[in-house]
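Notes to accompany the following structure.
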Number of protein chains: 2
Amino acid sequence: MNNTIKVAIVDDHKILTEGLKGLVDDSELATVVGVAHTAADCRHSIGFWKPDVLLLDVGLPDMSGIDLCKELTTRFPLTKVLALTTHNEYTVVRKMLDNGASGYLVKNAMAEEVLAGIEAVAAGKTFLCHEIDVLMKKPSSKNIWLSQRERELLKLICEGLTNAEIAAQIFLSPETIKSYRKNLLLKLGAKNTAVLVKMAIEQKLI
Amino acid sequence: MNNTIKVAIVDDHKILTEGLKGLVDDSELATVVGVAHTAADCRHSIGFWKPDVLLLDVGLPDMSGIDLCKELTTRFPLTKVLALTTHNEYTVVRKMLDNGASGYLVKNAMAEEVLAGIEAVAAGKTFLCHEIDVLMKKPSSKNIWLSQRERELLKLICEGLTNAEIAAQIFLSPETIKSYRKNLLLKLGAKNTAVLVKMAIEQKLI
DNA sequence: TTGGTATCCCCCCTTTAGGGGGTATTGCGC
DNA sequence: GCGCAATACCCCCTAAAGGGGGGATACCAA
């Protein structure tokens with residue numbers, strides 16, 4: 001039957017891929033045509049698998065799932081990517097969708113949601129599991145969207161560089177760095193650098 | 001047969017529990033007598049399950065797996081806890097073992113390691129999967145061990161409180177807070193507060 | 001054209017943090 | 001008894017961050 005959806009799974013959590021594989025194969029809906037535990041494995045094999053749907057973990061060991069997603073959806077536009085993740089950070093979801101993912105599941109989603117997601121993205125729709133859907137509609141998290149430069153500075157601040165050091169590194173005036181820093185505190189509503197770093201890491205803004 | 005080991009699983013990742021359950025049940029070694037997705041569920045049911053081995057996720061939604069581990073190993077000393085986690089942070093492993101866990105697995109462990117772990121802890125041994133074993137033997141991470149007070153201060157620093165504010169809150173002299181802060185920077189080898197906060201979060205020192 | 005946003009730069013000033021010293025008590029283990 | 005770690009406290013000084021202003025360019029969209 002050509003009727004079943006071909007699914008490939010990319011996730012470094014081997015137990016989870018076992019579970020997923022069983023879940024998918026036991027359904028009437030789809031069959032698993034391949035499993036990879038690293039981005040490199042996925043790159044090598046996806047051409048042979050030619051899956052309709054790729055279940056892709058965001059937190060791969062060898063490269064960012066976000067970047068891999070972009071690459072794969074460009075190279076294989078017929079394959080729909082359904083992203084999988086443990087955490088539910090607004091910016092991560094946003095980036096995955098911007099990079100061509102068709103859907104998003106958190107790993108503690110129910111089995112039915114996984115199958116529903118596979119079916120939906122295979123049909124060309126976008127699919128967000130309930131938890132992510134709620135997250136994306138929450139206005140509070142939406143406003144945190146930093147420009148390229150701001151993210152760059154935030155990263156350097158998190159690494160503990162002082163204004164002078166940052167200025168030297170990216171060839172800008174220390175006064176400019178000060179301005180950016182003040183702006184970041186304002187934008188994120190952070191009281192000081194400590195909170196700024198905390199927010200940057202916890203909300204994965206860098 | 002009384003020969004098979006009774007296993008219970010506590011993890012909020014439903015797909016993973018499915019995978020684990022399949023894995024365990026398919027083996028000759030053990031059978032799954034119960035699955036819970038929250039600490040509350042586990043508390044209610046574990047008395048009925050009476051498992052020999054409890055596969056316990058550290059990152060539960062409703063309470064810390066670390067605290068739950070302590071509680072369960074006290075209440076049910078015959079049940080051996082085999083901890084499961086996504087990340088491999090030295091301090092988390094340390095705390096789990098201190099709180100009575102008999103073994104520790106990372107979630108991307110291979111299936112064989114899971115079964116080996118179950119068998120080992122059921123036999124009263126301690127078991128660390130390869131990755132964790134390596135981690136615990138690495139001398140670099142060992143030295144980071146903070147006192148109660150230091151952790152308390154670190155937490156407040158991460159929340160963005162100034163020395164004066166911290167002093168007011170825990171009724172100490174601002175000068176004392178300064179000393180502790182300097183000491184934390186020294187101990188963790190952090191250049192400034194930004195790095196301190198980053199390390200505290202990434203290494204789950206708080 | 002006007003408004004918005006991203007980029008970059010400068011002044012003032014105060015508060016906080018960081019680097020360097022130091023002291024003292026308590027309680028634990030050897 | 002001695003060493004040692006944890007706790008709590010103090011002074012001096014400099015470096016860095018934070019709070020308040022201000023301004024400039026450029027580009028894009030309404």
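Here the structure is a predicted model, which means the values were calculated and not measured. Convention: sequence-line order gives letters A, B, ...; per-chain numbering from 1.
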At under 4.0 Å between heavy atoms, how does the protein contact nucleotides 11-24 of chain C? Give one character per nucleotide, 5' to 3', with B, S or -. BB---SSBBBB---

Without swapping roles, check the side chain of A/T79 against the backbone of A/P51 for a donor-acceptor pair under 3.5 Å. yes

Quick one: side chain to side chain contact (heavy atoms under 4.5 Å, CB included) partners of B/K155, sequence neighbours excluded? B/E159, B/I206

Take atom CG of A/L196 and atom C1' of D/dA16, then tell me their distance rounded to the nearest Å. 15 Å

From CG of B/N183 across to P of D/dC9 the rounded distance in Å is 15 Å

Within the sub-3.5 Å range, which N or O atoms of nucleotides 3-6 of chain D have a protein N or O partner, and how far apart are they?
none

Using whole Å, report how far CD of A/E152 lies from C1' of C/dT7. 12 Å

Which whole-number value in Å describes the distance from A/L154 CG to C/dT7 P? 13 Å

Whether the side chain of B/D62 engages the backbone of B/A39 through a donor-acceptor N/O pair (distance < 3.5 Å, no angle test) should be reported. yes

Verdict with reasoning, B/E119 to B/K125, per salt bridge (charged side-chain N to carboxylate O under 4.0 Å, His left out): CA-CA 9 Å; B/E119 192 169 19; B/K125 298 176 207 161; over 6 Å; no

What does the B/S/- profile of nucleotides 24-30 of chain D look like, 5' to 3', with a 4.0 Å heavy-atom cutoff to protein? -------

Taking five pairs at each end, how big is the angle between the two axes of the helix from C/dT1-D/dA30 to C/dC30-D/dG1, to 10°? 50°

Starting from C1' on D/dA17, measure out to CG on A/L186 and report it in whole angstrom. 15 Å

Rounding to an integer number of Å, can you tell me how far B/I166 CD1 sits from D/dA8 P? 13 Å

In whole angstroms, how far is the P atom of D/dC9 from the CD1 atom of B/I170? 9 Å

Using a cut-off of less than 4.0 Å, is there contact between a side-chain N or O of A/T176 and OP1 or OP2 of C/dC8? no

Going through the checks in order, is the salt bridge (charged side-chain N to carboxylate O under 4.0 Å, His left out) test met by B/D12 and A/K107? CA-CA 9 Å; B/D12 63 316; A/K107 282 188 186 172; over 6 Å; no

Would the distance check show the side chain of A/E202 and the main-chain N or O of A/M199 forming a donor-acceptor pair, the cut-off being under 3.5 Å? no

Donor-acceptor contact below 3.5 Å, side chain A/K70 vs main chain A/D67: no

Apply side-chain contact (heavy atoms from CB on, under 4.5 Å) to B/L205 and B/L154, showing your working. CA-CA 8 Å; B/L205 298 172; B/L154 185 52; 4.0 Å; yes

Look at the side chain of A/N88 and the backbone N and O of A/L135, then say whether any donor-acceptor pair between them is shorter than 3.5 Å. no

Is a side-chain donor or acceptor of B/T86 paired with a backbone partner of B/V106 at a separation under 3.5 angstrom? no

Taking B/S45 for its side chain and B/C42 for its backbone only, find out whether a donor-acceptor pair lies under 3.5 Å. no

Tell me whether A/N192 contacts the main-chain N or O of B/G160 through its side chain, where contact means a donor paired with an acceptor under 3.5 Å. yes

Is the charged tip of A/R94 near the ring of A/W145: under 6.0 Å from the six-membered ring centre and within 45° of its axis? no

Can you list the residues that meet the side chain to side chain contact (heavy atoms under 4.5 Å, CB included) rule with B/S179, with sequence neighbours excluded? none

Grab the CD1-C1' distance between B/I177 and D/dC10 for me, whole Å please. 14 Å

